[in-house]
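Written out below as structure tokens is the structure these notes cover.
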Amino acid sequence: MKKNTSPETNKFNPKKNYEQTRKEIGYISRKKAKKTDYERIGFMSGLEVHQQLKTKEKLFCHCPAGIFHDHNDFNAEVIRHMRPTLSELGEYDGTALMEYKTRKEITYRLNNKTACTYEIDDTPPFKIDREALEYALEISLLCKLNIVGEVHITRKQYLDGSIPTGFQRTAILGVEGEIPLKNKKVRLIQLSIEEDSCREISDIGHKRVYKTDRLGMPLIETVTYPEMYTPDELKEAAEYIRFLNRSTDRVRVGSGAGREDVNVSCKGGTRVEIKGVSYNKMIPELSHIEAFRQWALLNVRSKLNERIKDTKKWTIQHQEIDYRDFDLKYEPVTDGLIDKYRIIAVNLPNFKGILSHFTQPGKIFANEISDRLKVIACLEKPNMIHSEELEPKVIDENFNKIRELLKANENDAQIIFWAPDEDIPTALETIEERCQMAFEGVPQETRKSFLDGTTIFERVLPGADRMYPDTDSAPIPLENSYIDGLSENLPSEVVDRYNQLKKWKIPEDTYIYIFRNNLYPLIEKIIKDLKLDPKFIGTFIGHKLKFVEGHYSLSDHFDYSRIFDLFKFLKDKKLEIQLSKSMLPIVYQYPKMDFDSILTSINFKTVPKEEILSNIAFLKQKFKEIKISKNDHVAKHWIMGELQKTAIGNIAPNELSKAIE
């Protein structure tokens, strides 16, 4: 009997190809991944950790730092366009060329309260803010970095438009340090002090809008060597640096105050930078998926180089098509026609099976092209359809016609995009360029992260020669005596604090909360000054306070020092510290309320111990009468429960327990 070899049987199936290529590269979810999986693909990563400093003023002017505005709260707008210039070596920077292609009109919204003429390069910089410099040097010393003898301000090119001047003033303060992790030490390349960039409001089509309230705020950047070989190790390093920064009480906290650029590569890949990761919990998933994305792109390279012998001669073919000749009943296409967009069909020779090749969970190589069309050609998504859609947008007959029109071969793939006249040349160039990059493997680029762990193209990775001296700023000598003075007032190291918490037998599930909020000094002060039980205090803060913060609303600003005042009040009044658990929700919600009033609000009354203990005999007899259980352990718990309301704050639980026995 002959096998069925009809066209339907041999028809290419993008979904099957997606699954097949996913298996080919050995993709595995992070939850199932083991160390051997990362060794197989040669996972390697490093960090650039950015943290705002808690200063009164910005870094190179006297505008206030830390004041933020709503999007529409501004007094003036400045509009600029990006134009590339030749370097001293007669070369263009790749990022500058990419940004120029976008033809972006960049608008900066300025508020008089937080911006001045310095931000738009109409005024030379003032001297560096000494408060910011001191804070950054303290953190450098904690990182065990070798402090420079003289601070040299340099300019770093910033070509994405987020800084109006096109450059950022920055200075290296320390080099070659280290941080300890659980099973190893990670070396630090350097720590720099620099200006923060603008906050983006919108980026639609050829228009991008920023606000300048954050621009120029002092920021430190801690850079590690690429010595983390698993995603969890990478997160551990990020957490340690964050906790170290916060231990000084010199940095800002909250959304956007701390951000990581996560550098990831795999064996045979290249450095790709995931920009501005705000939450450390996202780092493992992001780095895991990025490493496998690169591994997938290497598989794409292998397939293409097997098919195409002379990749330098490879080129696309394209032709404009008439909507009336095709059945393109896809809303984004019809909407484009209303705006007088033209429809372009593109043939990709020998790319069959590449567009639907797995790259990230739920994403394929076609997304790599679409992402660049959005960023470089400024075509808003959805901006294209293709012959290997996992969920087809139009009927297959359209692509059959296009294959005939473009005289395509069986192993070719096709794309249809729609765009205004002026964006079509850039779009075609972008499609061809990204496909040609596939022959090389992994492009060097920066990528934007999403909560599901996937990323999209953001821009070309800047060139190495992007820094040059700032002739407006004089060098700043750092005397040894000045550095020695800073060294004397440093907080204890995070690793020492971790070990002390273990000695105090405080539960480990409290450590992240304690370090994240820099509550170790508070715990230490309560234990040393009030001589209270370390385990109780650590657990109270790490569990009870965390719970209250997550479940109760504030009526006023709450300062953690109020916790010390609470325990001091209880000790001075000779009340049991267990009462703090009942008082805390009120203390948190109404920080200015005096403690005596709080006791009244929770109906607490002082009862002598003798009076409480005198009820034990009666309750034992009552328990026997109601016959709940013959078990003495059950009897003890029942009696404790009956006495709990009056006992809390008047007698310690362990003392009451012994009395019942």
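Bear in mind that the values here come from a model prediction, so they are computed numbers and not experimental data. These numbers come from the heavy atoms of this one structure, side chains and all, not from hydrogens, waters or symmetry mates.
Closest approach of C63 to T114, counting heavy atoms only: CB-O, 3.8 Å. When all heavy atoms of I283 and A238 are compared, the closest pair comes out as CD1-CB, 3.6 Å. Between R252 and T55, the shortest heavy-atom contact is NH2-O, 2.6 Å. In plain terms, the two heavy atoms of T170 and K156 that are nearest each other are CG2-CB, 4.1 Å. A pairwise comparison of heavy atoms in C61 and F126 identifies CA-CD1, 3.6 Å as the closest pair. Here the closest non-hydrogen pair linking L478 and V148 is CD1-O, 3.4 Å.
Between Y240 and P180 the shortest side-chain heavy-atom distance falls below 4.5 Å. At a threshold of 4.5 Å between non-hydrogen side-chain atoms, the residues E285 and P231 do not count as touching. At a threshold of 4.5 Å between non-hydrogen side-chain atoms, the residues L173 and S192 do not count as touching. Within the 4.5 Å cutoff, the side chain of T455 has no heavy atoms near those of the F450 side chain. In this structure the side chain of P284 reaches within 4.5 angstrom of the side chain of R30, judged on heavy atoms. M44 has its side chain out of reach of Y38: every pair of non-hydrogen atoms, C-beta onward, lies at least 4.5 Å apart. Here the side chains of K184 and Y229 are in contact, with some heavy-atom distance below 4.5 Å. With a 4.5 Å cut-off on side-chain heavy atoms, Y108 and L215 do not count as touching.
A salt bridge is defined here as a Lys NZ or Arg NE, NH1 or NH2 lying under 4.0 Å from an Asp or Glu carboxylate O, and R199 with D213 meets this definition. Salt-bridge formation is detected for the pair K185/E178: a Lys NZ or Arg NE/NH1/NH2 atom is positioned less than 4.0 Å from an Asp or Glu carboxylate oxygen. Comment: E138 engages R250 in a salt bridge, judged by a side-chain N to carboxylate O separation of less than 4.0 angstrom. Between D559 and K592 there is no salt bridge, since no side-chain N of the basic residue sits under 4.0 Å from a carboxylate O of the acidic one. Between R259 and D196 there is a salt bridge, since at least one side-chain N of the basic residue sits less than 4.0 Å from a carboxylate O of the acidic one. Salt-bridge check for E227 with R187: passed, with a basic side-chain N closer than 4.0 Å to an acidic carboxylate O. Using a 4.0 Å cut-off between charged nitrogen and carboxylate oxygen, E119 and K58 count as a salt-bridge pair.
Summarising the local packing, CG of D556 is surrounded by more than 12 heavy atoms from other residues, nucleotides or ligands at distances under 6.0 Å. The environment of F68 atom CZ is dense: over 12 non-hydrogen atoms of other residues, nucleotides or ligands sit within 6.0 angstrom. A 6.0 Å sphere centred on NZ of K571 holds more than 12 heavy atoms belonging to other residues, nucleotides or ligands. The environment of NZ in K275 is crowded: more than 12 heavy-atom neighbours from other residues, nucleotides or ligands sit within 6.0 Å.
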Q) Given I563 and L522, is the side chain to side chain contact (heavy atoms under 4.5 Å, CB included) satisfied, shown in steps? A) CA-CA 8 Å; I563 301 297; L522 173 63; 4.0 Å; yes

Q) Given F43 and H288, is the ring-ring contact (aromatic ring centres under 6.0 Å, His included) satisfied, shown in steps? A) CA-CA 8 Å; F43 180 99; H288 170 90; 8.2 Å; no

**Q.** Derivation of the side chain to side chain contact (heavy atoms under 4.5 Å, CB included) call for M228 and V186
**A.** CA-CA 8 Å; M228 280 70 77; V186 171; 3.7 Å; yes

Q: Starting from the C-alpha separation in whole Å, work towards a yes-or-no answer on side chain to side chain contact (heavy atoms under 4.5 Å, CB included) for Y210 and R109.
A: CA-CA 6 Å; Y210 291 104; R109 293 181 175 176; over 6 Å; no

(Q) Walk me through whether L599 and L575 qualify under side chain to side chain contact (heavy atoms under 4.5 Å, CB included). (A) CA-CA 11 Å; L599 289 178; L575 297 172; 4.1 Å; yes

Q.
Go through it in stages, so that I can follow the logic: the residues are E134 and R130, the test is salt bridge (Lys or Arg N to Asp or Glu O under 4.0 Å), and I'd like the CA-CA distance, side-chain angles, deciding distance and then a yes or no.
A. CA-CA 6 Å; E134 185 171 302; R130 295 299 298 195; over 6 Å; no

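Under the side chain to side chain donor-acceptor pair (under 3.5 Å) criterion, T454 pairs with D452, sequence neighbours left out. Partners of S473 by side chain to side chain donor-acceptor pair (under 3.5 Å), not counting sequence neighbours, listed by chain and number: D470.
Residues Y225 and E176 have side chains that bring a donor and an acceptor to within less than 3.5 angstrom of each other. Side-chain atoms of S481 and D484 include no donor-acceptor pair closer than 3.5 Å. Remark: the E150 side chain and the H152 side chain contain an N/O donor-acceptor pair separated by less than 3.5 Å. K211 and H71 share a side-chain donor-acceptor pair at under 3.5 Å. Under the 3.5 Å distance criterion, with hydrogens and angles disregarded, no donor-acceptor pair is assigned to the side chains of E493 and Y498.
A cation-pi arrangement, defined by a distance under 6.0 Å to the six-membered ring centre and an angle within 45 degrees of its axis, is absent between K54 and Y135. No cation-pi contact links R497 to Y511, judged by a cut-off of 6.0 Å to the six-membered ring centre and 45° from its axis.
Atom OG in S287 sits 9.0 Å away from atom CG in L47 (nearest 0.5 Å). To the nearest 0.5 angstrom, K568 atom NZ is 11.5 Å from L532 atom CG. Annotation: the span from S197 atom OG to I163 atom CD1 amounts to 5.5 Å, rounded to 0.5 Å.
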Let me check something: any side-chain donor-acceptor pairs from residues 541-548 under 3.5 Å, sequence neighbours excluded? List them with distances.
unit_1: H543; atom_1: NE2; unit_2: D509; atom_2: OD1; d: 2.8
unit_1: H543; atom_1: NE2; unit_2: D509; atom_2: OD2; d: 3.2

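Note on ring orientation: taking the six-membered ring where Trp is involved, the planes of F567 and F536 are perpendicular (angle over 60°, cut-offs 30° and 60°).
Not a single donor-acceptor pair under 3.5 Å links the side chain of N517 to the backbone N or O of L519.
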